[in-house]
Amino acid sequence: MNIVSLINRIIEKNKNGSAWELWQNKWDDNKVDRIWGEKLRNEDWEKDPTYKLIAEKCVKNGTNILDIGSGGGVQYRAIKEYADRISYTGLDITPRHIEFSRKMFPEARFELGDAANLPFNDKEFDVSIIRHVIEHHPKDKAEKILAESLRVSKNCVLILFFIPPIEMQEDIIIKRKKSGFFLNTYNRDFIINTIKMNVKNPKINQEMIFKTESSPALSDQELYIIKL
């Protein structure tokens, strides 16, 4: 499936107001609990191979973990399958996500905050995760999110792209008029060059996570593994 077809499918799927930007403004606490709670209580997250892959990469690179855009804390649940002795911090800009996550996982730390202005010290965490975040922001903010994640990380940054960067002349920037929600396809050079501008001699590897019948993803995803 090409990028334009993928974006059209995403827009069609979300045109009736089911996109994540409505979590806080139009969805009540009961709906938030049903969506995240059922995924956790029914172990539905296990159908998505990316949770397991990210969890495995995390624990190989440290025990002090920052999850940027942590949502309902599902990635934390997956990480706990592989390591009990971790220090986990989830950060999200949506208050309902933080409230839900604190209720579900009182032993973990969840903070309200902006991914482009992280309230943490340099190299405070061993590993940072950015899952399905970069492509949903305008280019200037995406650049800041990348820079901030690299600043606060000591060993590794893991970036999962819902819409993978590709080789092209220009970025594809799509902003939905009603919600302001971005569905961007970034030039791979923009991502790589931004990383290299903020870190000296990083080791960057990419892994494709191909869609399967059991995966909820609309298409293939891509994981960037940045060793610092």
Side-chain angles (χ1 to χ4, degrees), residues 20 23-24 29 32-33 35-134 136-137 144-162 199 202 205 207 209 216 221 223-228:
W20 67 260
W23 286 99
Q24 188 64 26
D29 289 338
V32 169
D33 181 74
I35 292 170
W36 287 121
E38 289 181 9
K39 184 186 285 286
L40 290 164
R41 288 187 288 267
N42 299 333
E43 303 290 345
D44 287 343
W45 61 270
E46 291 185 338
K47 298 176 182 178
D48 186 339
T50 61
Y51 284 112
K52 178 180 178 180
L53 179 60
I54 291 173
E56 290 175 338
K57 300 289 184 185
C58 273
V59 300
K60 288 180 180 178
N61 287 282
T63 58
N64 190 10
I65 298 165
L66 173 65
D67 189 358
I68 301 169
S70 54
V74 179
Q75 187 63 65
Y76 170 70
R77 171 67 183 84
I79 292 170
K80 290 288 285 183
E81 289 287 310
Y82 296 90
D84 290 329
R85 297 180 180 277
I86 62 168
S87 175
Y88 171 95
T89 300
L91 179 133
D92 202 281
I93 201 167
T94 303
R96 278 205 173 98
H97 284 169
I98 298 302
E99 292 167 6
F100 173 84
S101 299
R102 287 174 175 170
K103 180 177 68 174
M104 292 296 293
F105 305 107
E107 76 280 8
R109 176 188 177 193
F110 291 93
E111 300 289 344
L112 187 68
D114 183 357
N117 187 23
L118 296 175
F120 307 116
N121 297 324
D122 294 356
K123 302 186 183 302
E124 184 169 338
F125 300 92
D126 296 329
V127 186
S128 290
I129 305 163
I130 312 176
R131 179 190 179 92
H132 299 172
V133 172
I134 299 294
H136 298 313
H137 287 88
K144 291 177 182 177
I145 293 170
L146 279 168
E148 280 289 271
S149 69
L150 294 162
R151 178 184 66 79
V152 302
S153 304
K154 183 167 60 177
N155 298 334
C156 182
V157 175
L158 303 170
I159 308 173
L160 182 65
F161 285 96
F162 178 62
V199 178
N205 294 311
E207 292 187 18
I209 300 96
Q221 301 179 72
L223 180 66
Y224 275 53
I225 303 115
I226 306 160
K227 295 289 188 70
L228 308 176

(request) Please answer whether the main-chain N or O of G71 pairs with a side-chain N or O of S101 as donor and acceptor at a distance below 3.5 Å. (result) yes
(message) Could you check whether K154 pairs with D122 (Lys NZ or Arg NE/NH1/NH2 to Asp/Glu carboxylate O, under 4.0 Å)?
(response) no
(message) Counting C-beta onward and ignoring hydrogens, is there a side-chain heavy-atom pair between L146 and I134 closer than 4.5 Å?
(response) yes
(message) For a quick test of reading the model, state the closest non-hydrogen atom pair linking P49 to I209 and the distance between them.
(response) CG-CG2, 3.9 Å
Quiz: residues 54-61 side-chain donor-acceptor pairs under 3.5 angstrom, not counting sequence neighbours:
from : atom 1 : to   : atom 2 : distance (Å)
K57  : NZ     : E207 : OE2    : 2.9
N61  : ND2    : K57  : O      : 2.7

(message) Within this structure, what is the OG-CZ distance for the pair S87 and R109, rounded to the nearest 0.5 Å?
(response) 7.5 Å
(request) Would you name the heavy atoms of A116 and K144 that are closest together and state the gap between them? (result) CB-CB, 3.9 Å
(request) Please lay out, stage by stage, how V157 and L228 fare under the test side-chain contact (heavy atoms from CB on, under 4.5 Å). (result) CA-CA 8 Å; V157 175; L228 308 176; 4.3 Å; yes
(message) Checking E111 against I98 for the side-chain contact (heavy atoms from CB on, under 4.5 Å) test, could you report, in this order, the C-alpha distance in whole Å, the side-chain angles of both residues, the deciding distance, and whether it holds?
(response) CA-CA 7 Å; E111 300 289 344; I98 298 302; 5.7 Å; no
(request) Check step by step if side-chain contact (heavy atoms from CB on, under 4.5 Å) holds for I79 and I129. (result) CA-CA 11 Å; I79 292 170; I129 305 163; 4.0 Å; yes
(request) Using the test side chain to side chain contact (heavy atoms under 4.5 Å, CB included), find all partners of V152 that sit at least two apart in sequence or belong to another chain. (result) L66, L118, F120, F125, S128
(message) Distance to the ring centre below 6.0 angstrom and angle to the axis at most 45 degrees; does that hold for R131 and Y51?
(response) yes
(message) Looking at N121, is its backbone amide N or carbonyl O close enough to the side chain of E124 to form a donor-acceptor pair, meaning the two atoms are under 3.5 Å apart?
(response) yes
(message) Salt bridge check, E43 against K39: does any charged N sit closer than 4.0 Å to a carboxylate O?
(response) no
(message) Quick check for you: to the nearest 0.5 Å, what is the distance between I68 atom CD1 and Q75 atom CD?
(response) 12.5 Å
(message) Can you tell whether the side chains of R41 and E38 come within less than 4.0 Å, N to carboxylate O?
(response) no
(request) Hey, could you give me the CG/CD distance between L112 and E99, rounded to the nearest 0.5 Å? (result) 9.0 Å
(request) Please name the pair of heavy atoms, one in C156 and one in I225, separated by the smallest distance, quoted to 0.1 Å. (result) SG-CG2, 4.0 Å
(message) Within the supplied structure, the quantity of interest is the number of heavy atoms (other residues, nucleotides, ligands) at a distance under 6.0 Å from K80 NZ; does it exceed 12?
(response) yes
(request) Could you tell me whether the side chain of L91 reaches within less than 4.5 Å of the side chain of P119, counting heavy atoms only? (result) yes
(message) So L160 and I130, do their side chains get closer than 4.5 Å, heavy atoms only?
(response) no
(message) Strictly distance-based, threshold 3.5 Å: is any side-chain N or O of H97 a donor or acceptor partner for the main-chain N or O of I93?
(response) no
(request) Kindly compute the distance separating CG (D33) from CH2 (W36), expressed to the nearest 0.5 Å. (result) 12.0 Å
(request) For residues W45 and R77, report the shortest heavy-atom separation together with the two atoms involved. (result) NE1-CG, 3.7 Å
(request) Answer yes or no: is there a side-chain heavy-atom contact under 4.5 Å between I145 and H137? (result) yes
(request) Measure the shortest side-chain to side-chain distance between Q221 and T50 over non-hydrogen atoms and say whether it is less than 4.5 angstrom. (result) yes
(request) Could you tell me whether the side chain of T89 reaches within less than 4.5 Å of the side chain of I65, counting heavy atoms only? (result) no
(message) Looking at D126 and S153, would you say the former's side chain and the latter's main chain have a donor-acceptor pair under 3.5 Å?
(response) no
(message) So, taking the atom named CG in N42 and the one named NZ in K47, what distance separates them when rounded to the nearest 0.5 Å?
(response) 8.0 Å
(message) Checking A108 now: which residues fulfil side chain to side chain contact (heavy atoms under 4.5 Å, CB included) with it, not counting sequence neighbours?
(response) Y76, Y88, F105, F110
(message) Are V199 and I226 packed together at the side-chain level, in the sense that at least one heavy-atom pair is separated by less than 4.5 angstrom?
(response) no
